[in-house]
Protein chains: 2
Amino acid sequence: MLRLSKLTDYAVVVLTRLDDATDGGVLTAPGLAGATGLAEPTVAKVLKILAHAGLVEGRRGALGGYRLTRPLADMPLIDVITAMDGPIALTACVDNSFGVCESESTCPVRGRWDPVNEAIRRALSGISIADLAGPPAVVPHPEPASPVFVAG
Amino acid sequence: MLRLSKLTDYAVVVLTRLDDATDGGVLTAPGLAGATGLAEPTVAKVLKILAHAGLVEGRRGALGGYRLTRPLADMPLIDVITAMDGPIALTACVDNSFGVCESESTCPVRGRWDPVNEAIRRALSGISIADLAGPPAVVPHPEPASPVFVAG
DNA sequence: TGCAATCCGGACCTTGATGGTCCGAATTGC
DNA sequence: GCAATTCGGACCATCAAGGTCCGGATTGCA
């Protein structure tokens, strides 16, 4: 399905929420859970991963919480995806691990996925989280009569 | 991981192999399995899906087999991915299914993934299977000194 | 100094999709 | 009529993702 994990989706939601109160203030995991409507342990898990990647900063103790390390406009989407889902690699045989593919000797596309990965990586680098949050996103109900579906 | 399924990878391999003998001749599933080194039922499954998508054409009976419906240069990669993995949609809440997201009312990125999907779709549309097969792919061993264990 | 709030790091389990296999039915050429 | 082959579906095993939970460490406050 060429889908990225739900955690990545949650991460974007959490980051945008975190941006709303980044004026020096921090937000706690339960607070973010309440603001986003997501389960508290899930939000905590997302925040931990994001903190590990350096996208957010956690402060322990009472009055602790999380805050952004940089504005969302300076945070390309690919950073979040890489943090949550790992590096962009459509196929396993594209990295430097040799010898793991049993049909290596007969594989005609060996190493040929690189430009594809590069194309996607480039497409994703030009989009920031701020672009996703965009203008105070109040998407008007997109006309339920029209069959809008994003087929490839 | 933003990965596509192995079946898609197999499909590209099978298609390129099929291109080698598309001069009017057809290739059987067992024949392709032998040529690619993949398991026979797996190849058959891939071919069935590709045939259903119209990318290859199957002919039954004795002397039957599969053949390409068009040259690989006219077959964009996105067609194969769509056939094998379904339509490109990074997140579930991007399609027309409304009301399935429990945090729909509070989600700040609602409908914001569309440009991302579009960017990826555009990046993938510009690459054909022929580009992946590329020049008679004999990738020069990039690591001659590394422990090369050819598993197969 | 003790207590409460909060993050941190990991283990754990469930669920769903994926990968892979197999079988019977239909079709075609000899 | 027979053999070869695709077609269509069902079936099962495996694995990663999604989600939950717990103990420990850190910080601020009374």
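Atoms considered below: every heavy atom in the structure, side chains included; atoms not considered: hydrogens, waters and symmetry mates. Residue numbers start from 1 in every chain, and the chains themselves are labelled A, B, ... in the order their sequence lines are given, proteins ahead of strands.
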> Sub-3.5 Å donor-acceptor pair from the side chain of B:Thr8 to the main-chain atoms of B:Met84, do we have one?
Replying inline: no
> Would you find a donor on one side and an acceptor on the other, under 3.5 Å apart, between the side chain of A:Thr69 and the backbone of A:Leu55?
Replying inline: yes
> Of A:Gly61 and A:Lys45, whose nearest nucleotide on DNA chain C comes first from the 5' end?
Replying inline: A:Gly61
>> Assuming nearest nucleotide by heavy-atom distance, tell me which of A:Lys48 and A:Ala62 is located more 5' along DNA chain C.
In response: A:Ala62
>> Please evaluate residues B:His52 and B:Lys48 with respect to the criterion side chain to side chain contact (heavy atoms under 4.5 Å, CB included), reporting the C-alpha separation (whole Å), side-chain torsions for both, the decisive distance (0.1 Å), and the verdict.
In response: CA-CA 6 Å; B:His52 200 268; B:Lys48 276 186 284 190; over 6 Å; no
Atom [atom1] of [X] and atom [atom2] of [N]: how far apart are they, to the nearest Å?
X: A:Glu57; N: D:dT27; atom1: CD; atom2: P; value: 13 Å
X: A:Leu27; N: C:dC7; atom1: CG; atom2: C1'; value: 14 Å
X: B:Asp9; N: C:dG19; atom1: CG; atom2: P; value: 10 Å
X: B:Glu40; N: C:dC23; atom1: CD; atom2: P; value: 13 Å
X: A:Ile49; N: D:dT20; atom1: CD1; atom2: C1'; value: 14 Å
X: A:Leu50; N: C:dC8; atom1: CG; atom2: C1'; value: 14 Å
X: A:Leu38; N: D:dG18; atom1: CG; atom2: P; value: 13 Å
X: B:Tyr66; N: C:dT27; atom1: OH; atom2: C1'; value: 13 Å

Can you check whether [X] has a side-chain N or O nearer than 4.0 Å to OP1 or OP2 of [N]?
X: B:Thr42; N: C:dG19; value: no
X: B:Arg59; N: C:dG29; value: yes
X: A:Tyr10; N: D:dG19; value: yes
X: A:Ser5; N: D:dG18; value: yes

> Please walk me through it: do B:Arg17 and B:Leu27 pass side chain to side chain contact (heavy atoms under 4.5 Å, CB included)?
Replying inline: CA-CA 9 Å; B:Arg17 279 291 164 183; B:Leu27 286 182; 5.5 Å; no
>> Applying a 4.0 Å non-hydrogen cut-off, can you work out what B:Ala44 is touching in the nucleic acid: base, sugar-phosphate, or nothing?
In response: nothing
[X] side-chain proximity, nearest of [options]:
X: B:Leu7; options: D:dG18, C:dG19, C:dT21; result: C:dG19
X: B:Arg60; options: D:dT20, D:dC7, D:dA17; result: D:dC7
X: A:Ala39; options: C:dC8, D:dT6, D:dT20; result: D:dT20

> Is there a donor in the side chain of A:Thr16 and an acceptor in the side chain of A:Asp19, or the other way round, less than 3.5 Å apart?
Replying inline: no
> Which residue lies toward the 5' end of DNA chain D, A:Pro41 or A:Leu63, if each is placed at its nearest nucleotide?
Replying inline: A:Pro41
